[in-house]
Each structure stands twice: as structure tokens, then as C-alpha cells.
Amino acid sequence: MDIQATLKDTISSILKEKYAIEDAKTDLSATRAEFAGDLTLLVFPFVRASKKKPEDTAKEIGEALLEKIPDVVCGFNVVKGFLNIEISKNIIADEFDKAYSTEMFGYIAPNKDEKAIMVEYSSPNTNKPLHLGHIRNNLLGYSVARLLEASGKKVIKTQIINDRGIHICKSMLAWKLFGNGETPENTGEKGDHLVGKYYVEFDKAYKKEIDELKGKGMSEEDAKKNAPLIIQAQKMLKAWEEKDPEVRALWEMMNTWVYGGFKQTYERLGVAFDKNYYESNTYLLGKDNVNEGLEKGVFYRRADGSVWIDLTPDGLDEKLVLRGDGTSVYITQDIGTAISRFKEFNIDSLIYTVGNEQDYHFKVLFLILKKLGYQWADRLYHLSYGMVDLPTGKMKSREGTVVDADDLMDDMVRTAREISEELGKLDGMSSQEKDSLYNMIGMGALKYFILKVDPKKRMMFNPKESIDFNGNTGPFIQYTYARIQSIKRKYGDLPKEAVKIGTLDPREENIIKNIANFPSVIQKAAAAQSPAQVANYVYDLVKEYNSYYQNVPMLSAEDENVKTFRVQLSDMVGRVIKNAMATMGIDVPERM
RNA sequence: GCUUGGGUAGCUCAGUUGGAUAGAGCAGCAGUUUCCUAAACUGUUGGUCGCGGGUUCGACUCCCGCCUCGAGCACCA
């Protein structure tokens with residue numbers, strides 16, 4: 001049983017006996033460094049019942065604690081209404097023993113009997129390569145999935161690939177018209193980049209046509225509708241829907257190119273999926289569900305045949321769910337897809353990782369599913385995140401002004417290489433090992449930089465200045481890990497059981513207390529779907545450890561027992577670093 | 001206009017269910033390598049927590065109003 005729970009129980013019973021307070025909220029927090037003690041209880045909420053001054057109330061509770069659990073509490077002090085409780089040193093040492101002997105400390109093995117959580121992320125379009133926005137999406141989604149797994153949940157990772165629609169036809173058409181038979185094979189270009197190039201080409205040619213039509217006196221609106229290229233693209237979409245063999249063959253060929261490119265990008269990013277959905281298979285889903293809802297009276301039909309839901313009683317608007325001609329809109333297939341997912345996988349809940357520009361869409365979607373009577377609608381979550389801003393302005397993939405995912409990763413790895421070579425600590429490593437290390441560091445920097453920020457926030461990304469390898473960064477944490485591994489190598493084989501030493505250095509106590517918190521950090525971060533909480537936790541731990549490392553001798557400690565203990569403590573910090581970073585998909589190196 | 005998310009140091013960000021003197025990194029300044037990896041450590045400069053009210057023993061945190069930046073308000077996805 002952990003200390004906090006013991007303390008809370010005891011405090012509750014004291015409050016009951018002395019002041020007749022039932023079910024009191026006992027807030028225990030870590031005592032601030034400026035004060036003596038380990039855990040602090042706020043007694044303000046109890047003064048009304050105790051009818052005593054805060055100081056006296058705190059003193060009374062403190063004395064009762066000493067009397068009741070003298071093996072846990074060894075002292076206390078009172079500052080105003082704050083009761084600072086001192087925990088017995090033995091207990092702190094026990095905490096360390098427990099952590100040290102726990103395999104995969106902080107993680108809980110998934111419960112096989114529980115239903116899984118499905119996490120959807122990435123969801124790319126097959127007309128262009130992945131960009132910076134996708135990187136935030138992928139890292140967040142993947143990391144939340146890992147975090148949930150660490151917290152003991154079963155997880156199914158999925159993506160829905162938007163492989164159909166007018167935007168896909170645009171790049172197909174442009175390739176057909178201007179492509180000259182270019183392929184990834186004959187150009188050596190990555191498939192998704194090649195296709196993306198033609199998406200940009202389409203937009204250029206389309207704009208030119210619009211300008212020409214406007215020159216002839218047509219309004220901008222009409223010009224956009226009547227430009228020959230857009231008409232052709234629409235024709236192509238129709239042909240695709242009618243399964244025209246030629247269009248389908250072109251579509252499949254170009255999509256295959258794109259998937260080849262995505263595969264590489266995903267591998268570099270270190271993300272993966274258990275199940276892929278393709279919009280070309282799901283875009284007709286949902287119509288039956290709409291009809292059912294129509295019968296139930298959830299939806300209503302207008303005179304023109306279109307189907308709507310009135311959400312104004314819920315403070316939202318009226319929303320179209322089926323067009324007058326019976327064809328679907330976006331939300332129709334989302335309704336159908338969600339229902340089929342719960343059916344097919346018998347999942348408990350579903351998390352959508354999608355940018356915050358779709359907040360409203362998901363609010364509406366979840367509400368519709370609830371009104372259709374699905375109990376699980378309460379367990380649908382939109383993992384919403386803010387845009388990534390650039391100093392130069394907005395990214396526009398149509399115009400090709402994006403930070404490409406592959407380019408960015410190249411930059412990061414190159415920077416890692418430059419810094420590593422300058423520092424020159426890697427003698428004796430093969431060039432292959434070095435490459436994999438540069439990759440680990442560059443990707444670690446990128447992932448940590450993005451994940452440490454609260455998802456809700458927009459974030460500024462300045463490719464030149466933002467990425468730092470010093471301070472609160474991935475490489476800072478990786479570096480600490482590498483130093484710990486070096487110490488372990490020099491020490492040799494460590495005893496499996498944690499050794500006991502007489503007195504702990506205050507820094508050691510703090511580090512142990514921090515380590516002991518790790519499991520609850522994982523649980524809280526998973527519940528909040530926030531990798532940022534893990535990032536901040538591990539940063540604090542590392543900072544504390546580095547200060548300890550710099551000021552306390554380890555291998556050169558005089559007492560053999562103390563030496564072993566310090567290396568074991570370091571080892572434990574390393575294990576926590578590794579497990580924490582793993583939830584963010586970040587690897588840690590043996591040396592750097 | 002309505003809905004929604006931000007606004008904390010020069011910059012990028014933390015800040016737990018309201019708690020003690022609001023914290024980090026970067027940048028700036030000043031230091032630390034005969035010693036376990038200096039991608040580190042130590043010290044220091046820098047704040048009207050957007051503004052104004054309210055609730056409370058206590059407010060960056062909760063409530064109301066305002067200012068400001070962004071996003072969403074399609075028979076697009």
C-alpha cells in the first residue's frame with residue numbers, strides 16, 4: 001500500500017474522531033522545497049468544524065498522526081494552515097526497493113478481458129505528401145495510443161485514408177495531362193511527392209484558366225465553376241464513381257505510389273497502425289443509419305428530399321445528413337463508420353485525433369450518435385489539437401508552401417549529425433551505428449519538441465530557431481540516459497536487489513519521491529490523453545538527476561555500499577526515462 | 001453576429017481538484033572540466049499572470065463583463 005493512501009486513510013479517521021468530519025477531501029501535495037517535510041496537508045477546509053485556529057488544528061492533526069502511525073510519520077511542522085508531514089526515511093527507502101524490483105516500472109499489463117480503445121490518427125489524403133501538421137497529428141495519436149497501453153488498456157491504432165474525391169482526381173488529371181509518363185521508378189522521386197507535385201500543377205493551371213476567363217469578363221465565381229480543368233476533374237470523379245476501368249486503373253496506380261511514400265514516412269516517424277480504413281470503401285456507409293434514424297424520428301425530411309437533424313435545442317444548428325439527391329455528405333459516412341467500428345471490433349471507446357478546426361463537426365457527430373441511441377456515444381473523444389504556425393505564415397499544400405514531413409526529418413537528423421560530429425564523442429562507432437544514433441537524436445528532438453506542448457495550444461514552429469538540442473529538449477533527456485548507461489557499464493553487474501544505505505542525501509530522497517510518482521503520472525496522463533504531462537514529468541526528473549550527478553560522486557564514492565546504491569538509483573532513473581520516453585515514441589541511446 | 005480555443009518573463013512554454021514568495025528552457029550576464037560524457041552543472045538579470053469587477057480565509061486557477069489573436073459557423077472534406 002502506498003504512503004499517500006495510508007496517510008489519507010489515517011487523516012480521514014482522525015478528522016472523523018476529532019471533528020466529526022465525514023468524507024473529507026484530504027489534499028496531500030508534495031511539500032515545497034523551501035519548507036521542511038515531505039507531504040503537505042492543507043487544514044483550512046477543517047477549521048470551521050474544528051473551531052480552532054488553523055495553526056492549532058494542524059498541530060492537533062500532526063500529533064494524532066505521530067501517535068497513530070509512528071512507523072510512517074516521523075515528524076511534522078506547521079506553517080500557518082499548512083501541515084508539513086515528515087515521512088520516515090525507512091518508508092522512502094522501501095519505495096525505492098519496490099520500484100527497483102518492478103519490471104517495466106510504471107506500466108500496467110493490459111487487461112485482456114477489457115474491451116479495446118480505438119485510436120484514429122494521421123488520416124492522410126492520397127493527393128499529397130505528409131506535412132508538419134500531419135507530424136503533430138501522428139505523434140500525438142501514436143503517443144496517446146502508447147500511453148493508454150502503458151496505463152493498462154488494450155488499443156487498436158487505426159487510420160482512415162482519404163483516397164477518393166475531387167482532390168484526388170485533380171492530381172490524377174494533372175498527371176494525365178502534363179505527366180509525360182513520369183513514375184517514381186523512372187524519376188527516382190518518392191511516390192507521394194510525385195503525386196503531390198501534380199496536385200500543385202493542377203492548381204497552377206487551374207488558376208491560369210480562371211484568370212483567362214476573368215479577362216474575358218467572367219466573374220470570379222463563375223470562372224471557378226466553368227474552367228475546363230475543374231469540369232474535367234468532376235467528370236473524372238463521376239467516371240470513378242461509375243467504376244470506369246481506365247480511371248480506376250490510373251487511380252490505383254497513383255495511390256500505390258503514394259502508399260509507397262507514406263510507408264517510408266511512417267517508418268521514419270516510428271508510427272504504425274493495426275487497421276487501415278479506406279474512404280473508397282466507407283464513403284457509402286451511413287445511409288442506412290440515416291434511414292433508420294428517419295424512422296425513429298431523430299431526423300426529418302425536407303420538401304426537397306434532403307434529410308436534416310435539428311440540434312437547436314442543444315444549442316447547435318440544424319445539420320444536413322443526406323443530400324436531396326440521396327447522396328452522402330461527410331458526416332453521413334462518419335456516422336456509418338463509427339457504428340461499423342463498434343460492431344466489428346466491439347470496442348469500448350474511440351478517440352479521433354483531428355485538428356481543432358473540426359471541433360464543431362465532432363460535437364455534432366457525437367450528439368447525433370447519442371440521439372440515435374448508441375450508449376457508447378458518451379465514450380467518443382475528439383483529441384483536438386491546435387495548428388502549427390510558421391514564422392513565414394500559413395502552410396498551403398495546394399500552393400506547395402508547406403513544411404514537408406520528409407524534409408523536416410532530414411533537417412533534424414542533419415542537425416543532430418552536425419552537432420554530434422562537432423562534439424566528437426563517438427570514436428569507435430561504425431558508420432551504421434552513427435547513422436542510427438543521429439536518427440534517434442534528430443527524431444527525439446522533433447518528437448519531444450512537439451509533444452511537450454499542450455495539444456490544445458497552437459504552437460509556433462520556427463525551423464531555424466525552435467529546435468534546440470539544449471535545455472528542455474529530447475536530446476537533453478537522451479544525453480542523461482546515455483551518461484547513466486556509461487556509469488552502469490563502468491560499474492559492472494549490479495545486484496538485483498536494491499542495497500540499503502544509512503542515510504539518504506536530500507537529493508536522493510527527492511529523486512526517489514519523483515520516481516515513486518511515475519506510475520500515477522502515466523495514469524493521469526493517459527486519462528487526460530496528454531503526452532505533454534509525461535514530457536514535463538521526465539524533464540523535471542532529469543533536471544533533478546543531473547544536478548545530483550554533477551554534485552555527488554558515484555563511481556568514486558568511498559563506501560562500496562553507497563557506490564552501489566547510487567549506481568542503482570541512477571539505473572532506476574534511466575529505466576524511468578526509457579519507459580517515459582517510450583510512451584512518446586522516443587528511443588534512448590546507450591551513448592551519445 | 002453566434003459557437004469555440006488561446007492570451008503567464010524579450011522569445012518558446014509549464015503551472016495538478018483554488019493554497020505558502022508564479023516556475024523552466026532559450027536569449028543576456030558571471031562562473032564550473034587535473035574527477036563518473038560540459039548536449040551538463042552553479043549563480044544572476046527579467047512578471048500589473050490581457051483588462052475590470054465578483055465569490056473566498058486564500059484566485060494565474062472559479063463566476064460575470066470587456067479587449068485581443070485564432071478557428072468554426074457549406075447540399076466541401
Side-chain angles (χ1 to χ4, degrees), chain A residues 25 27 29-32 34-35 40 42-45 47-48 54 79-82 84 123 125 162 164-167 279 283 302 304-308 315-317 319-325 327-331 333-334 355-361 363 384-387 389 416 419-420 422-423 425 441 445 449 452-454 456-462 465-466 468-480 482-491 521 524 528 532-533 535-537 539-540 542-543 546-557 563 566-567 570 591-592:
Chain A
K25 262 198 346 189
D27 288 349
S29 51
T31 302
R32 298 182 65 124
E34 311 91 88
F35 300 95
T40 296
L42 301 170
V43 299
F44 293 108
V47 287
R48 195 161 292 164
V79 183
K80 290 191 273 184
F82 299 87
N84 298 322
S123 304
N125 291 309
N162 300 306
R164 62 160 286 281
I166 189 72
H167 52 297
E279 207 194 309
Y283 81 110
R302 285 191 182 170
D304 62 0
S306 58
V307 180
W308 294 73
L316 305 175
D317 298 317
K319 177 82 185 173
L320 176 93
V321 290
L322 210 58
R323 290 195 188 103
D325 62 3
T327 56
S328 309
V329 288
Y330 184 39
I331 204 157
Q333 65 163 299
D334 269 3
N356 62 8
E357 68 274 11
Q358 294 198 33
D359 284 354
Y360 183 75
H361 171 78
K363 217 185 230 179
S384 167
Y385 60 91
M387 273 180 39
D389 288 318
I419 293 173
S420 298
E422 201 178 319
L423 292 169
K425 297 185 193 174
I441 297 170
F449 181 82
K452 77 175 177 191
V453 180
D454 180 63
K456 276 200 304 288
K457 287 201 174 178
R458 295 167 70 85
M459 59 183 292
M460 174 63 90
F461 188 86
N462 184 332
E465 291 163 24
S466 290
D468 205 320
F469 287 68
N470 304 313
N472 187 0
T473 66
F476 168 79
I477 294 162
Q478 289 172 321
Y479 177 69
T480 303
R483 284 209 300 205
I484 290 171
Q485 302 320 301
S486 166
I487 285 188
K488 279 175 64 188
R489 279 192 297 271
K490 289 193 172 139
Y491 179 91
V521 169
K524 278 184 195 159
Q533 291 183 16
N536 288 318
Y537 164 80
Y539 174 66
D540 282 341
V542 163
K543 243 183 97 61
N546 275 342
S547 174
Y548 172 67
Y549 172 94
Q550 207 82 228
N551 289 293
V552 175
M554 294 184 193
L555 295 174
S556 47
K563 174 171 150 186
R566 287 179 179 167
V567 178
S570 302
R591 55 181 283 209
M592 71 184 266

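Keep in mind the model is a prediction, meaning the values are calculated, not measured. By convention in this document, chain letters (A, B, ...) are assigned in the order of the sequence lines, proteins followed by strands, and residues within each chain are numbered from 1.
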Are B/A20 and A/Phe82 stacked, with the base six-membered ring and the side-chain ring centres under 5.5 Å apart and planes under 30°?
yes
Side-chain N or O of [X] less than 4.0 angstrom from OP1 or OP2 on [N]?
X	N	value
A/Ser547	B/U42	yes
A/Lys490	B/U37	yes
A/Asn551	B/C41	no
A/Arg483	B/A38	yes
A/Tyr360	B/G72	no
A/Arg566	B/C36	no
A/Arg458	B/G70	no
A/Lys319	B/C75	no
A/Ser486	B/U37	yes
A/Lys457	B/G7	yes

To the nearest Å, give me how far apart [atom1] ([X]) and [atom2] ([N]) are.
X	N	atom1	atom2	value
A/Asn356	B/C73	CG	C1'	14 Å
A/Phe469	B/A38	CZ	C1'	17 Å
A/Asn470	B/G25	CG	P	12 Å
A/Tyr539	B/C26	OH	C1'	10 Å
A/Leu42	B/U16	CG	P	14 Å
A/Asn536	B/U16	CG	C1'	11 Å
A/Ile487	B/A40	CD1	P	16 Å
A/Met460	B/G7	CE	C1'	14 Å

Using only heavy-atom distances, decide whether a donor-acceptor pair under 3.5 angstrom links the side-chain of [X] to the base of [N].
X	N	value
A/Thr473	B/A39	no
A/Asn546	B/A39	no
A/Thr40	B/A20	yes

Taking the side chain of [X] as heavy atoms from C-beta outward, which of [options] is closest to it?
X	options	value
A/Met554	B/C41, B/C36, B/A20	B/C36
A/Tyr479	B/A40, B/C26, B/A14	B/A40
A/Gln358	B/A77, B/G6, B/G19	B/A77
A/Glu357	B/G72, B/U37, B/G19	B/G72
A/Lys543	B/A20, B/C13, B/C41	B/C41
A/Leu320	B/C13, B/C75, B/A20	B/C75
A/Asp359	B/A71, B/A77, B/U4	B/U4
A/Tyr549	B/A40, B/A71, B/C36	B/C36
A/Lys80	B/A14, B/U21, B/C75	B/U21
A/Arg591	B/A39, B/A20, B/U37	B/U37

[N] versus [M] - spacing of their [atom1] atoms, nearest Å:
N	M	atom1	value
B/U42	B/U33	C1'	14 Å
B/C63	B/C69	C1'	24 Å
B/A22	B/G50	P	15 Å
B/G10	B/C29	C1'	15 Å
B/C36	B/G18	P	49 Å
B/C76	B/U55	C1'	46 Å
B/G15	B/A59	C1'	14 Å
B/G58	B/U3	P	33 Å

Which part of the nucleic acid, if any, lies within reach of [X] when heavy atoms closer than 4.0 Å are counted: base, sugar-phosphate only, or nothing?
X	value
A/Met459	sugar-phosphate
A/Ser29	nothing
A/Asn162	nothing

For the atom pair [atom1] ([X]) and [atom2] ([Y]), what is the distance rounded to the nearest 0.5 Å?
X	Y	atom1	atom2	result
A/Met592	A/Ile441	CE	CD1	4.0 Å
A/Met387	A/Arg458	CE	CZ	5.0 Å
A/Arg591	A/Ser486	CZ	OG	9.0 Å
A/Tyr479	A/Ile484	OH	CD1	11.5 Å
A/Asn536	A/Asn472	CG	CG	7.0 Å
A/Arg32	A/Phe82	CZ	CZ	9.0 Å

Answer syn or anti for B/U33, where the cut-off is 90° from 0 on the glycosidic torsion.
syn
Can you confirm whether the side chains of A/Arg323 and A/Thr327 place a donor and an acceptor under 3.5 Å from each other?
yes
RNA chain B: A/Gly324 or A/Met592, which has the more 5' nearest nucleotide?
A/Met592
State, to 0.1 Å, how close A/Phe449 and A/Met460 come at their nearest heavy-atom pair, and which atoms those are.
CZ-O, 4.1 Å
Can you find a heavy atom in the side chain of A/Phe476 that is under 4.5 Å from one in the side chain of A/Val542?
yes
